[in-house]
Amino acid sequence: MLEEKIKQSIFAYWLIILGILSVIWLGLFSWVQNRQFSETETRIIDNVSSKLSVVTANLELRSSEFVGLLGVIAHSRLLQNYANSNRPRDRDSLIENWLEVIGFFDGWKKIRFLDVEGWELAAVDYDKKNRRAIIPPQFQYQGAQDYFERATQLKDGEVVAIGFELEEEFGQPVEPYQRAHRLITPVVFDAKRFGYLVIYLDMHEILAELTANIDRRFLVESLDQEGYYLWTPKQDKAFGFSIEERGDRNLNQLHPQVAAAIKFSKSGSLRMKDQLFIHATFNVHMGRETTVPETLLVTLNDDNIQAQTGKEYRSERKALLWLGLILLLLSFPMAQSLQRRNQQRATELLALVASRAMAACTITDANGNIVFVNEAFTKSTGYSRDEVMGKTHNILKSGQHEDSFFEGFWRSLTNEGRWEGEMINKRKDGSLITEHLEVNAVRLRNSKQTTHYIANFIDISERKALEQELERLAVTDPLTNIYNRRYFDQALNNQLAICRRHPEKNLVFGLLDIDLFKHINDSYGHDVGDKVIQRVASTIKGEIREIDIVARLGGEEFAIILLDENQQSGAMVMERVRMLIASAKEEPNCRVSIGFTINQPDDTVTSIYRRADEALYTAKSTGRNKIVFR
């Protein structure tokens, strides 16, 4: 009887233990699931936010570049010639130039020149399927479209981006529906408005390219500041009020809290029930320092996060199931031991996740000695942990910054407890790395005593290199690598201003045009024609001084500024250039006509161009292959 009671008490005890362990295991399983879900969500937010910051930076650069290029094309010599003359020959030259230009810039669909009534005078399309530029079979009337009415309200020099209208052909929407994203600016020469230049951008291609590294399972969309969807894979949400039945497809109505969060913060994330929204706002450049905000919105469902969590933590979830089985068989003390072991593994996992953060991270003590680096740091700098532990950041010093830079750096850390900015450091192999660096001081509570410094940086070397390349492209002609029309006109205006302030100074201004260049293109092909243009540019550049300026205005036309020269010396230079080009042994042979002039006290860019152009016309009309002064 006593033995039976002992057995009963042991069984009851086992049931109690089993019940406690079951509750603990179920609670642990639920907690781990929630933690894993939360960690995965945090990583996704960090990852997507980082990628969105790169995408938005590139979009701002692209929009700024497109606005600048629109201005260059709108003020081109070829467009001016056609606008003034309305001659088919000038239109053909303009379209020929556009056929080369449109294929050079990714994302351009169409270029249109409209007169003041809305009729297309010149047009070029880019056939993305066959990857070539074409001339549309028929020019259209655009005066009845909404965007044209808005264009007529623009001031001279203004640029507007219109990206919410349906693409239309001959007054009817294109099927399937396509978004028309246009950049528009008035075409004005000598204070007279001749019409409007319109560039159509393929925003689907541009955004698809820039967001290609974002997980395809996530929904990436673009919205305007009113909450309408500009670009989205779900086409039933696009075009808003442009299609009557989609008028209610607006973020303010579909997700008002998300819309409010976007207006409140430039970037961030928001959880709504079973969906996560990550957003980043960027500015679309519209000329004259004017920008319009647009937002990139990434949406993912909890199913996406749960699938990612299950994939990343598959082994840990299996371990939890085995742990449950073991808890059924082992005693309570062993269960406690296993629980402590599981907690230890969870702690190690958190440390592992932290060490594999995307941003490079270092931690130093109060004296600046490195006590921790993560894997991203070793990959970015080339140094292993053992090589930097106990050393200072001087091991990365590049010598690219003055002492005053570091004085400001330490002053900010001392006074404010943080510093953020760009710094150029050196990798182990000696190559330079441009970093966006953030350093924070860790201080004791209620004390200014610093115990550690935490530094995080992101490698932005490629972005800086891209910015420098864009700056170079903004002032040079891509075919010849000499200055372009935009830079040249600015330089000419500056030199004329100097001559007006200093009457003893003067300059010689010349226009050079390759004779019968269309014949060369037609006979030998555009590739040979490009080589002829490059050869002429190289010859001119080789015959002028470093202080002189040469540019390609467009097509086969060049311009030259010779500083501090008179008519006689300028004629010698022009004749030498003409003879060298004419006597060149390369095939095909080419000749050039040159018209040049000397600045007058009251000259403007327009007036000196006019005289040189008249001289060039005389040279061409009287036999070509000669120089004429006016």
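This chain uses plain numbering: 1 for the first residue, then up along the sequence.
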- Does F629 offer a backbone N or O that forms a donor-acceptor pair with the side chain of R611 under 3.5 Å? no
- Query: Which of parallel (below 30°), tilted (30 to 60°) and perpendicular (above 60°) describes F189 and F194?
  - Reply: tilted
- Message: For the backbone of I424 and the side chain of H401, can you confirm whether one donor and one acceptor N or O come within less than 3.5 Å of each other?
- Response: yes
- D92 side chain to R89 backbone, donor-acceptor under 3.5 Å: no
- Closest non-hydrogen atom pair between F139 and I95, with its separation: CZ-CD1, 4.4 Å
- Query: Between T597 (side chain) and F509 (backbone), is there a donor-acceptor pair under 3.5 Å?
  - Reply: no
- Query: Between the side chains of D477 and T480, does any donor sit under 3.5 Å from an acceptor?
  - Reply: yes
- Under the 3.5 angstrom rule, does the side chain of R87 hit a backbone N or O of Y82 as a donor-acceptor pair? no
- Is there side-chain contact between L479 and I533, with heavy atoms separated by less than 4.5 Å? yes
- Query: Counting only heavy atoms not in K541, do more than 12 fall under 6.0 Å of its NZ?
  - Reply: no
- Task: Measure from the side-chain N and O atoms of S76 to the backbone N and O of V72, and report whether any donor-acceptor pair falls under 3.5 Å.
- Result: no
- Task: Find the distance between CD (Q142) and CZ (F148) and round it off to the nearest 0.5 Å.
- Result: 9.0 Å
- Item | From I199 atom CD1 to R112 atom CZ, the distance as rounded to the nearest 0.5 Å | 11.5 Å
- Look up atom CG in L516 and atom CG in N625, then write down how far apart they are to the nearest 0.5 Å. 10.0 Å
- Query: With a 4.5 Å heavy-atom cut-off, do M423 and S398 have their side chains touching?
  - Reply: no
- Message: For the backbone of Y487 and the side chain of N484, can you confirm whether one donor and one acceptor N or O come within less than 3.5 Å of each other?
- Response: yes
- Enclosure of K518 NZ (heavy-atom neighbours >12, cutoff 6.0 Å): no
- Would E96 and N521 count as a side chain to side chain donor-acceptor pair (under 3.5 Å) if you check the C-alpha gap in whole Å, the side-chain angles of each, and the deciding distance to 0.1 Å? CA-CA 11 Å; E96 182 179 352; N521 268 343; 3.2 Å; yes
- Message: When you compare the side chain of I520 with that of C590, does any pair of heavy atoms fall below 4.5 Å?
- Response: yes
- Task: Please determine which of L511, D513, I514, L553 meets the side chain to side chain contact (heavy atoms under 4.5 Å, CB included) test together with F558.
- Result: I514
- Does D489 pair with R485 as a salt bridge, N-O distance under 4.0 Å? yes
- Other residues, nucleotides, ligands: >12 heavy atoms within 6.0 Å of E117 CD: no
- Query: From I549 CD1 over to I482 CD1, what is the distance, rounded to the nearest 0.5 angstrom?
  - Reply: 11.5 Å
- Query: Does any non-hydrogen side-chain atom of L507 lie less than 4.5 Å from one of I598?
  - Reply: no
- Query: So how far is it from N81 CG to L94 CG, rounded to the nearest 0.5 Å?
  - Reply: 9.5 Å
- Task: Determine yes or no for a side-chain-to-main-chain donor-acceptor pair under 3.5 angstrom, with D156 supplying the side chain and V188 the backbone.
- Result: no
- Applying side chain to side chain donor-acceptor pair (under 3.5 Å), run through N506 and E565 and close with a yes or a no. CA-CA 7 Å; N506 58 279; E565 298 281 7; over 6 Å; no
- Item | Atom pair CG (D515) and CZ (R578), whose distance is rounded to the nearest 0.5 Å | 10.0 Å
- Task: Take atom CD of Q400 as the centre, draw a 6.0 Å sphere, and report whether it contains more than 12 heavy atoms from other residues, nucleotides or ligands.
- Result: yes
- Y609 side chain reached by T606 side chain, heavy atoms, under 4.5 Å: no
- Answer yes or no: are there more than 12 heavy-atom neighbours, outside H519 itself, under 6.0 Å from its atom NE2? no
- Task: Check step by step if side chain to side chain donor-acceptor pair (under 3.5 Å) holds for S569 and N566.
- Result: CA-CA 5 Å; S569 61; N566 54 34; 2.9 Å; yes
- R610 with D603: basic N within carboxylate O range, under 4.0 Å: no
- Can you find a heavy atom in the side chain of L437 that is under 4.5 Å from one in the side chain of E422? no
- What do you reckon, is CD of Q568 surrounded by more than 12 foreign heavy atoms closer than 6.0 Å? no
- E546, CD atom: more than 12 neighbouring heavy atoms under 6.0 Å: no
- Message: Treating D115 as the side-chain partner and W119 as the backbone partner, does any N or O pair qualify as donor plus acceptor under 3.5 Å?
- Response: yes
- Message: When you compare the side chain of E586 with that of K531, does any pair of heavy atoms fall below 4.5 Å?
- Response: no
- Query: Around Y483, counting heavy atoms of other residues, nucleotides and ligands shown, do more than 12 lie under 6.0 Å from its OH?
  - Reply: no
- Message: Any heavy-atom pair between the side chains of V160 and Y147 that's under 4.5 Å?
- Response: no
- Query: Donor-acceptor pair, K505 side chain versus R501 backbone, under 3.5 Å?
  - Reply: no
- Item | Verdict with supporting geometry, R427 and D459, salt bridge (Lys or Arg N to Asp or Glu O under 4.0 Å) | CA-CA 11 Å; R427 298 184 179 93; D459 184 354; 3.1 Å; yes
